[in-house]
Amino acid sequence: MFSESTNNALQIIGCGDAFASGGNFHTCFHLRSGETNILIDCGATTLHGLRRLQIDPDQIDIILISHLHGDHYAGIPFLLMDAAVRKRQRKLKIITPNTGKARIKALLQLLYPGSDKTEQLPVEYIEYKSYEILQLDGIQVQAYPVVHSKAALSHGLRITIGHQVLSYSGDTSWTDNLIPLSDGADLFICECNFYNTSTPTHMNYLDLVSKISQLNFNKILLTHLSEEMLANLDRVDIPVAKDGMTVSF
Ligand SMILES: [Zn+2]
């Protein structure tokens with residue numbers, strides 16, 4: 001489903017939490033803007049999710065990573081191994097928080113020890129700093145620090161494509177940084193791991209509802225759904241993501 005006013009479309013590859021709640025895949029969203037294909041997060045199940053939806057991984061130009069937890073970036077080694085086996089020629093940019101390149105390479109060596117198949121791939125790693133604005137192939141990305149895990153360098157991502165803005169919270173409990181992150185967004189994808197459980201590391205629905213008037217966006221979609229959240233969907237009045245669904249904005 002494409003928006004009539006833009007050429008941007010988003011498909012949910014995975015909207016699950018780290019523990020496969022509801023059988024959902026790990027976090028990954030496929031954003032298509034004109035000829036550019038972007039993955040927003042790339043959890044361990046991403047290659048499985050792409051294949052299931054018949055999306056060719058070779059067509060992905062950019063992978064954006066919000067933070068360095070396995071349900072958000074552990075799919076990259078499998079995409080790279082697949083690309084190496086198929087002798088990918090198309091360039092790929094992998095955008096991560098600081099240290100992302102070293103962590104991905106270490107992960108590759110742990111999963112496929114001794115393999116150097118991926119070394120020849122046309123991959124460029126770019127590591128962002130908090131609040132830095134990156135210009136990438138017609139899109140602009142700005143990463144806002146959020147409240148989840150300091151060790152995983154957790155960020156939300158504000159992605160500007162032409163006049164359109166897609167904001168994504170990453171994994172986080174409530175933080176006032178969500179206000180500028182989502183300000184004026186055409187689509188705000190917000191993690192909502194829990195319905196009413198309060199933790200310092202994830203959002204819960206009741207907390208979000210109590211603060212949502214502080215946010216300014218056009219559309220919102222909730223993601224990163226735990227069993228608790230899935231069990232309470234009949235009490236949720238905000239649109240919720242589903243694996244495979246498409247969203248226009
Ligand atoms: Zn997560």
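Quick note: residue numbers are just sequence positions, from 1. Atoms within a ligand are numbered from 1 in the order they appear, just like the ligands themselves. Hydrogens, waters and symmetry mates are skipped; everything else that's a heavy atom, side chains included, is used.
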Quiz item: Quick one: side chain to side chain donor-acceptor pair (under 3.5 Å) pairs with a partner in residues 108-126, sequence neighbours left out?
Solution: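 Matches after skipping sequence neighbours: K105-E119.
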Quiz item: Listing residue and atom name, which protein N/O/S atoms are closer to the Zn ion (ligand 1) than 2.8 Å?
Solution: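 Only D71 OD2, H72 NE2, D171 OD2, H224 NE2 fall inside 2.8 Å of the Zn ion (ligand 1).
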Self-check item: T27 side, atom OG1; H72 side, atom NE2 - distance, nearest 0.5 Å
Solution: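 Output value for this atom pair is 4.0 Å.
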Quiz prompt | Atom pair SG (C15) and CZ (F29), whose distance is rounded to the nearest 0.5 Å | solution =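 Answer rounded to 0.5 Å: 7.5 Å.
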Quiz item: Under 4.0 Å between a Lys/Arg side-chain N and an Asp/Glu carboxylate O for D137 and K91?
Solution: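 Answer for the salt bridge query: no.
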Self-check item: Connected via hydrophobic side-chain network under 4.5 Å: F25 and F19
Solution: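 Different clusters: F25 never reaches F19 through Ile, Leu, Val, Met, Phe, Trp or Tyr contacts under 4.5 Å.
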Practice problem: Please test F194 against Y205 for ring-ring contact (aromatic ring centres under 6.0 Å, His included), starting from the C-alpha separation and ending with a verdict. | Solution: CA-CA 6 Å; F194 293 113; Y205 178 73; over 10 Å; no
